[in-house]
There are 2 protein chains.
Amino acid sequence: MFDVLLSHIDEKVTLNEQEKALMQNYFVPKRLRKRQYLLQEGDVCRNLAFVSKGLLRTYNVDDKGDEHMSIFGWEGWWISDFNSFLTGVPAVFNIDAIEDSEVLLLSRENYEAITLAIPMMDRYFRILYQNSLVTKERRLMSSVTDTAEEKYLRLSQSNPDMIERIPQNLIASYLGIAPETLSRIRKNLAMRK
Amino acid sequence: MFDVLLSHIDEKVTLNEQEKALMQNYFVPKRLRKRQYLLQEGDVCRNLAFVSKGLLRTYNVDDKGDEHMSIFGWEGWWISDFNSFLTGVPAVFNIDAIEDSEVLLLSRENYEAITLAIPMMDRYFRILYQNSLVTKERRLMSSVTDTAEEKYLRLSQSNPDMIERIPQNLIASYLGIAPETLSRIRKNLAMRK
DNA sequence: ACACATACTTGATATAGATCAAGTGGATTT
DNA sequence: AAATCCACTTGATCTATATCAAGTATGTGT
């Protein structure tokens with residue numbers, strides 16, 4: 001469980017053995033059954049969650065009860081209602097498990113503490129967020145300018161695992177298109193091959 | 001010019017006087033005339049730019065020659081093709097000045113160097129990016145789920161300065177709607193008052 | 001194995017907003 | 001001051017995709 005976290009961090013910054021050992025003190029492991037909530041809207045998001053195994057989804061629910069996917073988190077990813085985590089305001093997102101999952105929870109206090117105890121973690125998070133900003137900017141531009149089919153093609157090229165692993169209706173929601181539309185797109189693409 | 005930068009940083013982290021004096025060594029001031037490019041697509045984005053005065057826009061141009069606004073940067077904001085800056089790949093965005101502007105340029109080398117010389121700058125950028133991620137996530141969800149009018153209303157509530165200061169056609173592009181649609185929305189809203 | 005729930009597919013219809021076109025107004029250039 | 005350019009407005013038409021509805025397939029629980 002911690003192996004996944006440490007090797008993930010290793011890709012971005014170098015921690016010494018002492019720092020690595022110290023890391024465990026700041027995290028609380030948690031298991032989630034498929035469909036189990038990690039966070040419900042209205043509660044405060046008190047932890048960043050690092051996914052060491054499985055797959056979770058972050059989504060909000062509009063007035064009509066429709067779910068809108070925001071982020072999927074699987075092995076090696078962090079997941080949270082970030083604004084709620086940072087500011088303590090009630091979460092607008094729900095987070096639950098698409099598959100049986102294991103996460104490591106980092107509380108807000110420990111988030112600050114860990115960067116003081118291990119300053120390299122400031123750098124790690126900076127680099128993590130840099131990359132996240134680039135990805136999110138791409139997604140934003142795509143959502144504004146691409147056709148539904150272009151959106152789907154982009155996703156299936158940049159992240160084929162997602163297409164295999166996540167139910168189609170959730171993917172449609174993530175792309176901001178209707179499930180019927182996604183079904184039609186996939187059919188059209190299959191017929192073009 | 002540096003005053004704006006230092007007071008902006010002061011809002012997030014505390015630097016001592018020595019560190020503040022040191023900051024100037026890492027930046028190059030630059031003035032831009034209205035409409036002057038800071039970055040053209042295809043070039044590598046070699047600097048992060050901090051806007052100390054004025055207003056800039058980041059946009060890309062699609063096959064049909066249409067401009068799509070990505071980010072506006074004004075006093076206190078950082079602006080760049082971030083992916084190009086981080087990786088050295090050619091920029092996909094153009095950046096130019098909507099108004100006469102003054103920026104402070106931080107090269108990639110100095111970006112790394114400054115965080116080593118002043119470790120608190122790692123923290124500053126981490127916090128900066130946290131906030132940016134929250135904002136961007138909101139914008140992403142809005143772009144996928146809001147109607148055109150809802151998008152405009154959100155923007156005018158969260159950022160009225162933008163509505164006043166930026167030409168309507170650029171705002172329309174930023175929201176991912178046609179200028180005609182924005183014009184209609186504004187007319188409808190005015191009639192409802 | 002059967003019953004039920006849910007995801008996916010398919011056809012028909014509706015719609016929010018894009019696109020096209022032209023007019024008006026304001027800014028810039030000569 | 002006149003000419004030109006460009007932003008904004010307005011009306012008409014078009015369209016990508018949403019919505020509605022029903023059927024089919026798959027998964028889950030008993």
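All chains are named by letter (A, B, ...) in the order of the sequence lines, taking the proteins before the strands, and each is independently numbered beginning at 1.
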Whole-Å gap separating [atom2] ([N]) and [atom1] ([X]):
X: A:R186; N: C:dC8; atom1: CZ; atom2: P; result: 8 Å
X: B:I185; N: C:dG17; atom1: CD1; atom2: P; result: 7 Å
X: A:I177; N: C:dG17; atom1: CD1; atom2: C1'; result: 18 Å
X: B:N188; N: C:dG17; atom1: CG; atom2: P; result: 11 Å
X: A:I166; N: C:dT6; atom1: CD1; atom2: C1'; result: 18 Å
X: A:L170; N: C:dC8; atom1: CG; atom2: P; result: 8 Å
X: B:R184; N: C:dC20; atom1: CZ; atom2: P; result: 14 Å

Can you name the residues that form a ring pair (Phe, Tyr, Trp, His ring centres under 6.0 Å) with B:Y26, not counting sequence neighbours? none
Output yes when [X] and [Y] qualify as a salt bridge under the 4.0 Å nitrogen-oxygen rule, no when they do not.
X: A:K136; Y: B:E137; answer: yes
X: A:E112; Y: A:R108; answer: yes
X: A:K187; Y: A:E180; answer: no
X: A:R31; Y: A:E102; answer: yes

Ring-face cation contact, B:Y174 with B:R139, 6.0 Å cut, 45° max: yes
Please confirm whether B:R126 makes a cation-pi placement over A:Y111, using NZ or CZ under 6.0 Å from the six-membered ring centre and within 45° of the ring normal. yes
First and last nucleotide of DNA chain D, 5' to 3', lying under 4.0 Å from heavy atoms of chain B: D:dA7 to D:dA12
When you match B:K187 and A:E180 each to their closest nucleotide on DNA chain D, which lands nearer the 5' end? B:K187
In terms of side-chain heavy atoms, does A:D96 have a donor or acceptor partner in A:Y59 at a distance below 3.5 Å? yes
Closer than 4.0 Å, any side-chain N/O of A:S183 to the OP1 or OP2 of C:dT9? yes
Of the listed C:dT28, C:dT19, C:dT9, the closest approach to the B:K34 side chain comes from C:dT28
Applying the ring pair (Phe, Tyr, Trp, His ring centres under 6.0 Å) criterion to B:F50, which one of B:F27, B:W78, B:W74 satisfies it? B:W78
Within residues 138-162 of chain A, those residues having any heavy atom closer than 4.0 Å to DNA chain D are A:T147, A:A148
